[in-house]
Number of protein chains: 2
Amino acid sequence: MNVEEIIKTEKKIPLPSRTIIHLSLVANKINEIITCSLKAYEMSLEQFNVLRILRGQKGKPANLSTLNERMITKMSNTTRLVDKLILKGFVDRSICPSNRRKVEIRITKPGEEILLELDKAMQKAEERILNNLNTKDLEELNKLLDKF
Amino acid sequence: MNVEEIIKTEKKIPLPSRTIIHLSLVANKINEIITCSLKAYEMSLEQFNVLRILRGQKGKPANLSTLNERMITKMSNTTRLVDKLILKGFVDRSICPSNRRKVEIRITKPGEEILLELDKAMQKAEERILNNLNTKDLEELNKLLDKF
DNA sequence: TTACAATTATTGTATATACAAATGTATGTT
DNA sequence: AACATACATTTGTATATACAATAATTGTAA
């Protein structure tokens, strides 16, 4: 993860551009490590996020729009994402009785169980990602990221 | 870009996880803004990066492996990425005479010209992205990102 | 209440990407 | 020279994603 090497190709990249490139590189690294950890469970990062959101609902079902707001994905993908989780038995979907346009998506027992496994894998991944940063670093980083 | 809203769904997300989520969100926002700016030129972020790398070569051709090292994409995509840039006339490709396994990829005049346009669009995008951060913020952020 | 607009989700399709296998070229060994 | 091996790139294919079009339901205003 050496920005300098990548950056040296263009003569002198100004600080703002450098920061953005730097951020993208770090984000990519993070993404790669996490995706790789999840792959052992045949779970994509997006699927994992859906499961986490559903767990956060504490039994209350979520509809697609809700999932969508909390995620980066586009609506059209969310449908198919949920399809895949249903196939694996980690969530179920039913039509909302009060508004039949909506669907209600819930996490299942097996879904909650796999999520516990995934939590552990995530924690290991995080340790790998953040092993050079201490609490103060993280706090500062959060503060800076808040400005975006 | 309110992390809090996304984060409140799970009870209390510990600082390391929060930081990583936060970073991903910011990276996504950046990606979206930049991609959107480039779309006006029917140029993907990846294509743009290839052009920038080629410009950085200062006339010296790059082969696929070189492009690949400097980018995030996988080799198999780089081939097709370059295909598209050739179609648009922004780069050309020829077989390396000294080692015919290799290819030599060069940016063309039209490629350099469009790149100047793109530079301007990028600068505007950067201003949008970073308008809440001052130089000191950027320096600190870079310092922290270096730790990854 | 009927017609029209808005909401919610799904599907079709084109494009992008990942991964593995294949191609063509070069190098080393016997 | 013949063969195996390594290298650089390309291609095939399965999966993922984006965007637009469609379907189904509900809200609303004349």
Side-chain angles (χ1 to χ4, degrees), chain A residues 24 27-29 31-50 53-54 61-88 91-106, chain B residues 24 27-29 31-50 53-54 61-88 91-106:
Chain A
S24 304
N28 274 320
K29 186 192 170 190
N31 198 54
E32 199 175 310
I33 290 178
I34 292 183
T35 302
C36 182
S37 306
L38 290 174
K39 198 149 62 178
Y41 301 87
E42 297 194 348
M43 175 80 52
S44 76
L45 183 51
E46 285 75 20
Q47 291 178 26
F48 176 55
N49 282 331
V50 169
I53 292 169
L54 290 177
N63 56 37
L64 271 192
S65 314
T66 313
L67 286 183
N68 219 42
E69 280 166 24
R70 303 255 169 86
M71 307 217 335
I72 318 98
T73 29
K74 294 278 153 67
M75 180 66 105
S76 54
N77 300 329
T78 313
T79 298
R80 289 182 262 231
L81 235 167
V82 168
D83 286 345
K84 276 168 223 149
L85 288 171
I86 290 174
L87 271 178
K88 295 180 191 170
V91 309
D92 59 38
R93 172 170 51 194
S94 53
I95 292 172
C96 172
S98 64
N99 185 342
R100 303 210 320 278
R101 286 172 301 189
K102 295 187 182 179
V103 294
E104 292 183 336
I105 298 150
R106 282 185 186 79
Chain B
S24 303
N28 274 319
K29 185 191 170 189
N31 198 55
E32 199 175 311
I33 291 179
I34 292 184
T35 302
C36 182
S37 307
L38 290 174
K39 197 150 62 180
Y41 301 88
E42 297 194 348
M43 175 81 51
S44 75
L45 182 53
E46 283 76 20
Q47 290 177 30
F48 176 55
N49 282 332
V50 169
I53 292 170
L54 290 177
N63 56 36
L64 271 194
S65 315
T66 312
L67 287 183
N68 218 42
E69 279 166 25
R70 301 255 169 85
M71 308 219 332
I72 317 97
T73 29
K74 295 280 154 65
M75 181 66 106
S76 54
N77 300 328
T78 312
T79 298
R80 291 181 261 233
L81 235 167
V82 169
D83 286 344
K84 277 168 222 148
L85 289 171
I86 290 174
L87 272 179
K88 295 180 190 168
V91 310
D92 59 37
R93 172 171 50 195
S94 53
I95 291 172
C96 172
S98 65
N99 185 341
R100 303 208 323 279
R101 286 172 301 186
K102 294 187 184 180
V103 294
E104 291 183 337
I105 298 151
R106 283 185 185 78

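Heavy-atom basis, side chains included; hydrogens, waters and symmetry copies ignored. Residue numbers begin at 1 in each chain, while the letters A, B, ... track the order of the sequences.
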Completion exercise
Rounded to the nearest 0.5 angstrom, the CD1-CD distance for Ile95(A) and Glu104(A) is 10.0 Å
Handout entry: Atom pair CD1/CZ of Ile53(B) and Phe48(B) - distance to nearest 0.5 Å
Key = 10.5 Å
Exercise for the section: Work out how much the helix from dT1(C)-dA30(D) to dT30(C)-dA1(D) bends between its end axes, five pairs an end, to the nearest 10 degrees. Expected result: 0°
Handout entry: Residue-phosphate contact under 4.0 Å: Arg93(A) side-chain N/O, dT10(C) OP1/OP2
Key = yes
Handout entry: From CG (Asn49(B)) to OG1 (Thr78(B)), nearest 0.5 Å
Key = 11.0 Å
Exercise for the section: State whether the side chain of Lys102(A) and the backbone N or O of Leu64(A) hold a donor-acceptor pair below 3.5 Å, judged by distance alone. Expected result: no
Exercise for the section: Have a look at Ser65(A) and say if it touches a base, only the backbone sugar-phosphate, or nothing, with a 4.0 Å heavy-atom cut-off. Expected result: sugar-phosphate
Exercise for the section: Indicate whether any N or O donor in one side chain lies under 3.5 Å from an N or O acceptor in the other, for Thr66(A) and Asn63(A). Expected result: yes
Handout entry: Partner set under side-chain hydrogen bond (donor to acceptor under 3.5 Å, both in side chains) for Glu46(B), not counting sequence neighbours
Key = none
Exercise for the section: Kindly write out the residues that satisfy side-chain hydrogen bond (donor to acceptor under 3.5 Å, both in side chains) with Lys74(A), not counting sequence neighbours, or none if the list is empty. Expected result: none
Practice task
Rounded off to whole Å, could you give me the CE-to-C1' distance for the Met75(A) and dA21(D) pair?
Solution key: 15 Å
Between protein and nucleotides 3-7 of chain D, what N or O pairs are separated by less than 3.5 Å?
from	atom 1	to	atom 2	distance (Å)
dC7(D)	O2	Arg101(B)	NH1	3.3

Exercise for the section: Any chance you could list the contact pattern along nucleotides 14-19 of chain D? Use B for base contacts, S for sugar-phosphate-only contacts and - for none, protein heavy atoms under 4.0 Å, 5' to 3'. Expected result: --SBBB
Practice task
Return the value, rounded to whole Å, for the distance between atom CG of Asn99(A) and atom P of dT26(D).
Solution key: 6 Å
Problem - Main-chain N/O of Ser24(B) paired to Asn28(B) side chain as donor or acceptor, under 3.5 Å - result: yes
Below 3.5 Å between N/O atoms, which protein atoms pair up with nucleotides 1-4 of chain C? Just atom names and distances, please.
none

